[in-house]
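Note that these values count all heavy atoms, side chains included, but never hydrogens, waters or copies made by symmetry.
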Amino acid sequence: IAITGTPFQNNIISIWSLMDFCIPGFLGGQFDFSENYRNDFESAEQLEKLISPIMLRRLTKEVAKDLPKLRVETVTLTMSEKESEIYENQKEILCRDDQLSLPAIMPLRQICTHHQLVNDDSNHLMPMNDCYKYKYLIDLVESIFSNEEKLIIFTSFKEMIDILIQDLSLRYQELYINKIDGRTPQEERQGIIDDFNKFEKHGVLILNPKAAG
């Protein structure tokens, strides 16, 4: 039995992987499957007739009563003077003919996460120094821990994960603090999740969305 919340995580080949795990050969080999089913609605409709009889689909509306109420909170933060300076300098370097290419956006995203990801001007880690977003995060962590609850933090950058692990481990030495990213061996990931769930006090698990999806 394969259980997933995202049977089509990125494209149609995702469902082949799940089905081949449960019933090897049911949808043919991977190459033949890719030839027969394109990444479009027509192929999806053809595929649905084959897989629907062996798939149990639970819709959100059917299980909503069993789930905690979802609360989405959007917070707008202003950069510090230092962050703004680093951001504008980086944008000036990356900008060509008043246009920003897609690869150029990544360093700017990193600065918005924590300027130290692209501008490590210190021999010592000072994650809250002039970084308003990180300060807000720490305030949030303090608030959640004060209620003796656990939290999960997602970030796309491994350097940010390293900053979080190092800093939070110093702040909260008796709590559960761990991570899962691309550097975490596959065979260790479930154990980390189990340990986090079993830990009786409050703690934090830091995840890369792609590796821990």
Side-chain angles (χ1 to χ4, degrees), residues 1-76 100-110 112-113 137 140 144 149-161 164 176 178-199 203-213:
I1 299 174
I3 302 174
T4 179
T6 51
F8 296 91
Q9 189 162 7
N10 294 307
N11 50 51
I12 206 166
I13 195 68
S14 301
I15 199 70
W16 175 87
S17 179
L18 288 167
M19 290 295 167
D20 201 65
F21 176 81
C22 293
I23 313 174
F26 178 68
L27 296 177
Q30 184 175 348
F31 178 80
D32 292 334
F33 178 85
S34 298
E35 287 291 305
N36 294 329
Y37 299 100
R38 303 293 180 183
N39 211 34
D40 54 34
F41 285 109
E42 185 179 347
S43 290
E45 287 175 349
Q46 295 172 4
L47 193 58
E48 183 183 16
K49 296 172 186 176
L50 285 173
I51 65 177
S52 287
I54 54 173
M55 178 184 287
L56 175 64
R57 186 180 179 198
R58 299 173 72 200
L59 302 177
T60 303
K61 64 182 180 181
E62 295 168 352
V63 297
K65 63 181 183 299
D66 301 323
L67 300 173
K69 186 177 179 182
L70 177 66
R71 190 181 80 183
V72 178
E73 194 173 318
T74 303
V75 179
T76 303
L100 270 174
S101 66
L102 197 57
I105 293 173
M106 189 60 70
L108 299 180
R109 277 189 61 209
Q110 290 177 304
C112 291
T113 301
L137 174 64
L140 199 59
I144 291 169
E149 295 178 330
K150 298 175 184 175
L151 76 150
I152 297 172
I153 300 173
F154 286 96
T155 178
S156 300
F157 306 114
K158 65 179 182 180
E159 296 87 357
M160 192 65 228
I161 291 177
L164 284 162
Y176 184 89
N178 213 330
K179 66 175 177 67
I180 297 176
D181 62 13
R183 299 167 292 181
T184 310
Q186 186 72 39
E187 62 272 15
E188 294 180 12
R189 296 180 185 183
Q190 188 58 51
I192 291 172
I193 294 169
D194 293 342
D195 290 343
F196 177 69
N197 287 334
K198 292 174 186 173
F199 193 72
V204 59
L205 192 56
I206 304 159
L207 305 176
N208 171 279
K210 191 172 181 180

K.L.:
Of all residues at least two apart in sequence or in a different chain, which pass the side chain to side chain contact (heavy atoms under 4.5 Å, CB included) check with P209?
P.N.:
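Side chain to side chain contact (heavy atoms under 4.5 Å, CB included) check on P209 returns F154, S156.
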K.L.:
Evaluate the side-chain proximity of L137 to L164: yes if any heavy-atom separation is below 4.5 Å, no if none is.
P.N.:
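A side-chain contact exists here, since the closest heavy-atom pair is under 4.5 Å.
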K.L.:
Would M55 and I15 satisfy side chain to side chain contact (heavy atoms under 4.5 Å, CB included), going step by step from the backbone distance to the final call?
P.N.:
CA-CA 11 Å; M55 178 184 287; I15 199 70; 3.7 Å; yes
K.L.:
Considering all heavy atoms of both residues, which atom of K179 and which atom of I192 are nearest to each other, and what is their separation?
P.N.:
O-CD1, 3.6 Å
K.L.:
Hey, could you give me each pair passing side-chain hydrogen bond (donor to acceptor under 3.5 Å, both in side chains) that has a residue in residues 31-47? Not counting sequence neighbours.
P.N.:
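Qualifying pairs, neighbours excluded: D40-S43.
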K.L.:
Would you check if I144 and V204 make a side-chain contact, meaning some heavy-atom pair closer than 4.5 Å?
P.N.:
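Not touching, per the 4.5 Å side-chain cut-off.
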K.L.:
Just how far is it from atom CG of L47 to atom CZ of F41, taken to the nearest 0.5 Å?
P.N.:
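Reported value, rounded in 0.5 Å steps: 14.0 Å.
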K.L.:
Does T113 use its side chain to pair, donor to acceptor, with the backbone of R109 at less than 3.5 Å?
P.N.:
yes
K.L.:
Which atoms form the tightest heavy-atom contact between I54 and L50, and what is the distance?
P.N.:
CG1-O, 4.4 Å
K.L.:
So, using ring pair (Phe, Tyr, Trp, His ring centres under 6.0 Å) as the criterion, who are the partners of F199 when residues are at least two apart?
P.N.:
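With sequence neighbours excluded, F199 shows a ring pair (Phe, Tyr, Trp, His ring centres under 6.0 Å) to Y176, given in chain and number order.
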K.L.:
Is the side chain of W16 donor-acceptor paired with the backbone N or O of G28 at a distance under 3.5 Å, no angle test?
P.N.:
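Yes, because the side chain of W16 sits within donor-acceptor range (under 3.5 Å) of the backbone of G28.
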K.L.:
Nearest heavy-atom pair of N208 and K210: which atoms, and what distance?
P.N.:
OD1-N, 2.8 Å
K.L.:
Going by the rule side chain to side chain contact (heavy atoms under 4.5 Å, CB included), which residues pair with C22 if we only count those two or more places apart in sequence or in a different chain?
P.N.:
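For C22 the side chain to side chain contact (heavy atoms under 4.5 Å, CB included) partners, ignoring immediate neighbours, are A2.
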K.L.:
Suppose we screen for side chain to side chain contact (heavy atoms under 4.5 Å, CB included). Which residues come up paired with L70, at least two apart in sequence or across chains?
P.N.:
V72
K.L.:
Which pairs count as salt bridge (charged side-chain N to carboxylate O under 4.0 Å, His left out) when at least one residue sits in residues 182-194, sequence neighbours excluded?
P.N.:
D162-R183, D181-R183
K.L.:
So, applying side chain to side chain contact (heavy atoms under 4.5 Å, CB included) with L205, which one of L151, I153, N178 is it?
P.N.:
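In the set L151, I153, N178, the residue that makes a side chain to side chain contact (heavy atoms under 4.5 Å, CB included) with L205 is N178.
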K.L.:
Nearest 0.5 Å, please: how far is CD1 in I152 from CD1 in I206?
P.N.:
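One finds 11.0 Å between CD1 of I206 and CD1 of I152.
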K.L.:
Taking salt bridge (charged side-chain N to carboxylate O under 4.0 Å, His left out) as the test, write out the residues that go with E73, two or more places apart.
P.N.:
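Once residues adjacent in sequence are excluded, the partners of E73 under the salt bridge (charged side-chain N to carboxylate O under 4.0 Å, His left out) criterion are R71.
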K.L.:
Indicate the atoms forming the closest heavy-atom contact of K150 with F196, along with that distance.
P.N.:
NZ-O, 2.6 Å
K.L.:
Among all residues two or more places apart in sequence or in another chain, which pass the side chain to side chain contact (heavy atoms under 4.5 Å, CB included) test with T6?
P.N.:
T4, Q9
K.L.:
With sequence neighbours excluded, tell me which residues meet salt bridge (charged side-chain N to carboxylate O under 4.0 Å, His left out) with D20.
P.N.:
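Checked D20 against salt bridge (charged side-chain N to carboxylate O under 4.0 Å, His left out); zero matches.
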K.L.:
Which atoms form the tightest heavy-atom contact between F26 and I51, and what is the distance?
P.N.:
CE2-CG2, 4.4 Å
K.L.:
Give a yes or no on this: more than 12 heavy atoms of other residues, nucleotides or ligands lie within 6.0 Å of atom NZ of K158.
P.N.:
no
K.L.:
Which atom names give the shortest non-hydrogen contact between A211 and G182, and what distance separates them?
P.N.:
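Smallest heavy-atom distance, with atoms named: CB-N, 3.7 Å.
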